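Some notes on the structure that comes next.
All of these numbers come straight from a predicted model, not from anything done at the bench.
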Amino acid sequence: MSLFKPFQRVSRAPTNPRPAAPATRAFDVGTLYEGPLSAGNVDVASQTPLDEKLRQAYFWIVNSAIISPHYDVEYNQGPPSQFTVGDRKRTLTLPSAQSYSSYVLLPLLTFATRRKCLLVGGPGRGKTASAILMGVLAGYPVREVRRAMQHGHPQMTIADLLGNPLPADLVNAQSMDAIRIAWRNWLGMRVKIIDEYNRIPTRTQSALLTVMGDNYAEVLNHIYECPDSAWYLTANDDRGGGTYQVIEALRDRIDVVVPALAFNPRFLGQLLSRIEENLRPEELVPREIVFTESEIDRLGQEIRAVDLPEPVRRRLEFFTSQFELMESAGAQFETMTKDVARLSGVEWSEVTAADDGRDRLKDLGCQTRNGLSVRNLMTLMIYAKALAYFRGNATVELEDLRQVLPFVLGDKLQPDPDAPFFALPENAAYRTDRLGWLRRLFDLSCEEYDRLDLDNDDAVGALGEEFDRGLDGLSEREVRGRLVRIEQVVGERTRGRKLYGHLYDDLLKLKYLHQRYTNYLHWLSASS
């Protein structure tokens, strides 16, 4: 057991050193009655900050448990060292600031935010081991985590997944209410693991969808309310593989998709040590990095309190606005969207052939077959907050958003392989590298945002801010003046311009503002 104690060592040094901020504490009337040695004061003084504890968990996992030397979530302070490699002139970057392995970081952020993570990769890549570690971090014994894991198989029934009615009750009960259900224990856990979820039959997937999406299980009109949980699903191949096709609604409930990268044989020595010492990482998780239920609740509260500043939010708005427009899909302005085209049943190639008014190479929206949903955007913002929190920051930076975006949108934003962008030789790799393509897509959007100088020249944003200050007390003359200004901006934006996604969304926002002022003007006229 010579490796046992080093294996359980947790770093005592700060994992992300930075100047200490002055402590602030909200006023609580209860503190007036506390003495200098009260239990509450002792606990606060001795407690490790939760963001630090989360980082300690990350570094223990990445250094001692999951062998993942792929630092693909890169941050820099100053110019990094870069090297050009191979015939295709790929760039190897040595980050100049603390960077992370997505295969460990994203599951951990899922744990902190209690969202849903899909781990994808070939057999033996450590997907199940990573999920089990998350269950142990939540305070469950390894044996309980393993027994509670649901293993997808072609004969899996709803009863296998959720529970069975008691046989005696089925025979003797006079009503459905009298039938008791033996619910499966995993439903009450704060970490839920579904192994090979794409081997579950379609009917059983529908029952799983209810648990994942609405947080309850139903059998014979009996309801089991589930706690908020972090979900981990695994699949060897999520793009057509598996026994059953995953229903679209279930796939949409997944928040992030994390691919398992190949094992680097330079680290074979660590595997050999585990064999010789008979060590299992999930059985050696240090107690210092195990989170209580109340700590997990506080993690969520503290993550949601991280600020997402307006300049970062505006770039996300601009990026999102690129993708939904499909000018040839509708006759009315509001119906010119890809979703309308999808629901029509018309072949995609026919729709795109008619959509010839824009520069299809310049237009980022031409690279995708769909736009983004409200759920996608909410997930993207909470993961950006979680990453900023993990890094010890109170505010989301643009790079936080850039780093999490590919994992959130990896299976949500579908590329159009026939788009001119992918035909360029320098972009050929993006046909297979979904994460790289999404990050490049975001970079191109930010470049266009800078070219338009929208941080300093955003007439639509200014009109929106003016409206958000409220309508109370506005006179009829002021309202008519604002209506005229909106119509002027619409005229300027539409004069001699081709219609791109961001302009389309701006015009819809202006129409919304115009309608709100028009309704208010009618109310003023009726009440005078």
Side-chain angles (χ1 to χ4, degrees), residues 73-75 102 106 252 255-257 306-327 336-339 358-388 395-416 419-422 427 430 433-461 464 493 497-510 512:
V73 179
E74 299 177 350
Y75 284 88
S102 63
L106 270 298
D252 189 57
D255 295 307
V256 291
V257 178
V306 173
D307 180 47
L308 181 64
E310 184 179 351
V312 176
R313 192 201 73 211
R314 278 290 298 121
R315 287 177 183 264
L316 175 59
E317 291 174 355
F318 186 77
F319 171 79
T320 304
S321 69
Q322 306 292 327
F323 306 112
E324 191 61 63
L325 173 66
M326 176 63 73
E327 194 170 353
M336 297 191 307
T337 67
K338 291 175 180 174
D339 202 45
R358 296 164 288 166
D359 183 340
R360 291 183 57 80
L361 186 59
K362 174 185 175 183
D363 183 16
L364 301 183
C366 290
Q367 297 181 32
T368 75
R369 288 175 172 259
N370 66 320
L372 296 175
S373 70
V374 172
R375 184 180 292 113
N376 302 155
L377 297 176
M378 293 179 68
T379 300
L380 186 51
M381 289 188 286
I382 193 64
Y383 271 90
K385 284 174 175 271
L387 181 53
T395 302
V396 175
E397 298 175 357
L398 183 63
E399 191 62 24
D400 298 324
L401 185 62
R402 179 179 180 270
Q403 292 295 342
V404 301
L405 183 142
F407 300 98
V408 175
L409 303 184
D411 67 335
K412 303 298 189 297
L413 205 55
Q414 300 299 323
D416 182 0
F421 173 85
F422 295 105
N427 296 331
Y430 295 132
D433 182 5
R434 184 74 64 89
L435 300 181
W437 166 64
L438 287 166
R439 195 167 281 129
R440 179 58 180 157
L441 201 58
F442 186 71
D443 290 343
L444 290 172
S445 172
C446 289
E447 290 174 10
E448 180 66 9
Y449 183 92
D450 290 334
R451 187 189 71 80
L452 296 173
D453 195 24
L454 291 178
D455 278 333
N456 302 308
D457 182 16
D458 184 10
V460 179
R493 292 299 180 94
R497 291 191 182 187
K498 293 193 179 293
L499 186 60
Y500 289 92
H502 61 89
L503 176 57
Y504 176 71
D505 280 353
D506 280 354
L507 294 173
L508 287 176
K509 177 64 178 285
L510 291 168
Y512 164 83

Flag the pair Leu405 / Phe319 as yes when at least one side-chain heavy-atom distance between them is below 4.5 Å, and no otherwise. yes
Would you say the side chain of Lys385 lies within less than 4.5 Å of the side chain of Asp400, judging by non-hydrogen atoms? no
Could you check whether any side-chain heavy atom of Phe442 comes within less than 4.5 Å of a side-chain heavy atom of Cys446, counting everything from C-beta outward? yes
Quick one: does any side-chain atom of Lys412 pair with a main-chain N or O of Val256 as donor and acceptor, under 3.5 Å? no
Would you call Phe421 and Asp416 a side-chain contact if the rule is heavy atoms closer than 4.5 Å? no
Please evaluate residues Asn376 and Ser373 with respect to the criterion side-chain hydrogen bond (donor to acceptor under 3.5 Å, both in side chains), reporting the C-alpha separation (whole Å), side-chain torsions for both, the decisive distance (0.1 Å), and the verdict. CA-CA 5 Å; Asn376 302 155; Ser373 70; 3.0 Å; yes
Ignoring hydrogens and angles, state whether a donor on the side chain of Tyr500 or Asp359 is under 3.5 Å from an acceptor on the partner side chain. no
Side-chain contact test, heavy atoms from C-beta onward, threshold under 4.5 Å: evaluate it for Leu387 versus Gln403 and give yes or no. yes
Is any side-chain heavy atom of Glu317 closer than 4.5 Å to one of Lys509? no
Is there a donor-acceptor pair closer than 3.5 Å between any side-chain N or O of Asn427 and the backbone N or O of Tyr430? no
May I ask you to test the Gln322-Leu441 pair for a side-chain heavy-atom distance under 4.5 Å? no
Check for a donor-acceptor pair, side chain of Glu448 on one end and backbone N or O of Leu444 on the other, with a separation under 3.5 Å. no
